[in-house]
Amino acid sequence: MPELPEVEVTRRSFADAIAGATVLHARLGKPLRWPLGLAVESLVGGRVGSASRRGKYLWLPVSRPAAEGGLLLHLGMSGSLAFAAQAAAPGAHDHFDLLTDRGLLRLTDPRRFGAVVWSQGLDADPAAKLLTGLGLEPFDPRFDGAYLHQRLAGRRVAVKLALLAGDIVVGAGNIYACEALFLAGIDPRLPAARLSRPRAEKLAQAVRGVLTRALDAGGTTLRDFRDAHGVAGSFQMQAQVYGREGQPCRVCATPVRRIVQGQRSSFFCPTCQKR
DNA sequence: CTCGCATCCTGTTGGC
DNA sequence: TGCCAACAGGATGCGA
């Protein structure tokens, strides 16, 4: 589910409310992608700090009497976080609870590709290795056409797959990679190394543009995305190609095509997007 | 180093 | 209604 906009919208929806809270209780449900790496009870008494985001990961600092550290959270394909004053009994897909004096933060994740991992800090900790090798944030001023062009050089994979890989730029998943390539007029099958410098500039702008609009729209709710207060996103209303196989391109009316790249669907307009 | 692919898990949808 | 296959917003970890 969640790409950068959904993760960021989620973060913004609970960060202020939980900052400064004290952990009263914590529980785990079924196993997630990785073990927590800590006895869950030992989170009790911890003081929660200000949530931040790196790529599609959330970082929630927790100062415990025993040690400083925090929780690195990932929502995987089907995860979402809810923060509510009233604590309902956990459902079958609720796999992590952090009950605080300000409310309950709960991770719901049916497919369990998500993760909650304790880390002693973002440096020199095994869990923090999850963040090494990540590409630039799309809104980092260093993410520009020159950078993108240089990092795509020498790659034989399709440009769409290079975007999704996350080691060049983070945040664009399947929806926003498709949308950005449409906005930039680039065929997703184009070999990465063959993208010209001017087109790399367009693509960098398109990535930032589509993510900005998605943030403004509160993310994309295809099925079940909600922010931490249950609010759905609406970017799906402005999608140009994603999920629109066979429907007319909004620009030229050519039917949108779906192909498979890297075992994932790519949607594009064969007329508007060129190799 | 880059690549292509299988893999984790559950739910929903559409065809027959 | 039932059954089954295809598909789903991610990303790691493997062998080639």
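All values reported here derive from a predicted model rather than from experimental measurement. Lettering follows sequence order; numbering is per chain, from 1.
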- With DNA chain C as reference, determine whether Gly262(A) or Phe267(A) sits nearer its 5' end, using the nearest nucleotide of each. Phe267(A)
- Which parts of nucleotides 7-16 of chain B does protein reach within less than 4.0 Å, heavy atoms only, written one letter per nucleotide 5' to 3' as B for base, S for sugar-phosphate only and - for none? -BBBSS----
- Task: Could you check how far CZ of Arg156(A) sits from P of dA16(C), rounded to whole Å?
- Result: 18 Å
- Check the distance between dG9(C)'s P and Arg244(A)'s CZ and give it to me in whole angstrom. 17 Å
- For dC7(C), take OP1 and OP2 only and decide whether either is under 4.0 Å from a side-chain N or O of Ser265(A). no
- What's the CG-C1' distance between Leu222(A) and dG10(C), to the nearest Å? 14 Å
- Message: So for atom CZ, which belongs to Arg156(A), do other residues, nucleotides or ligands contribute more than 12 heavy atoms lying within a distance under 6.0 Å?
- Response: no
- Task: Return the value, rounded to whole Å, for the distance between atom CG of Asp224(A) and atom C1' of dC7(C).
- Result: 14 Å
- Query: Is Lys30(A) paired with Asp94(A) through a side-chain N to carboxylate O contact shorter than 4.0 Å?
  - Reply: no
- Now, which nucleotide makes the Watson-Crick or G-U wobble pair with dC9(B), with each of the two distances under 3.5 Å? none
- Can you tell me how far P in dC7(C) sits from the matching atom in dC5(B), rounded to whole Å? 16 Å
- Message: Heavy atoms only, 4.0 Å cut-off, all strands: where does Tyr242(A) land among base, sugar-phosphate and nothing?
- Response: sugar-phosphate
- Carboxylate-amine/guanidinium contact Arg53(A) Glu137(A), below 4.0 Å: yes
- Item | Distance in angstrom units between Leu164(A) CG and dG9(C) P, rounded | 10 Å
What pairs of donor and acceptor atoms, side-chain ones from residues 13-21 of chain A against any protein atom, are under 3.5 angstrom apart with sequence neighbours left out?
unit_1: Ser13(A); atom_1: OG; unit_2: Val9(A); atom_2: O; d: 3.4
unit_1: Ser13(A); atom_1: OG; unit_2: Thr10(A); atom_2: O; d: 2.6
unit_1: Ser13(A); atom_1: OG; unit_2: Ala228(A); atom_2: N; d: 2.9

- Query: Roughly how many Å is it from NZ in Lys129(A) to P in dT12(C), rounded to a whole number?
  - Reply: 14 Å
- Message: Tell me whether Arg11(A) forms a cation-pi arrangement with Trp59(A), defined as NZ or CZ under 6.0 Å from the six-membered ring centre and within 45 degrees of its axis.
- Response: no
- side chain to side chain donor-acceptor pair (under 3.5 Å) pairs touching residues 177-188 of chain A, sequence neighbours excluded, are Asp187(A)-Arg189(A)
- Item | Shortest side-chain distance from Glu3(A), nucleotide among dT12(C), dG9(C), dC7(C) | dG9(C)
- Message: Centre-to-centre under 6.0 Å for Phe235(A) and Tyr176(A), is that the case here?
- Response: yes
- Leu73(A) CG to dA11(C) C1', straight-line distance once rounded to whole Å: 16 Å
- Taking only side-chain nitrogens and oxygens of Arg264(A), does any of them come within less than 4.0 Å of OP1 or OP2 of dG9(C)? yes
- Taking atom P of dA11(C) as reference, at what distance in whole Å does atom CG of Leu72(A) sit? 12 Å
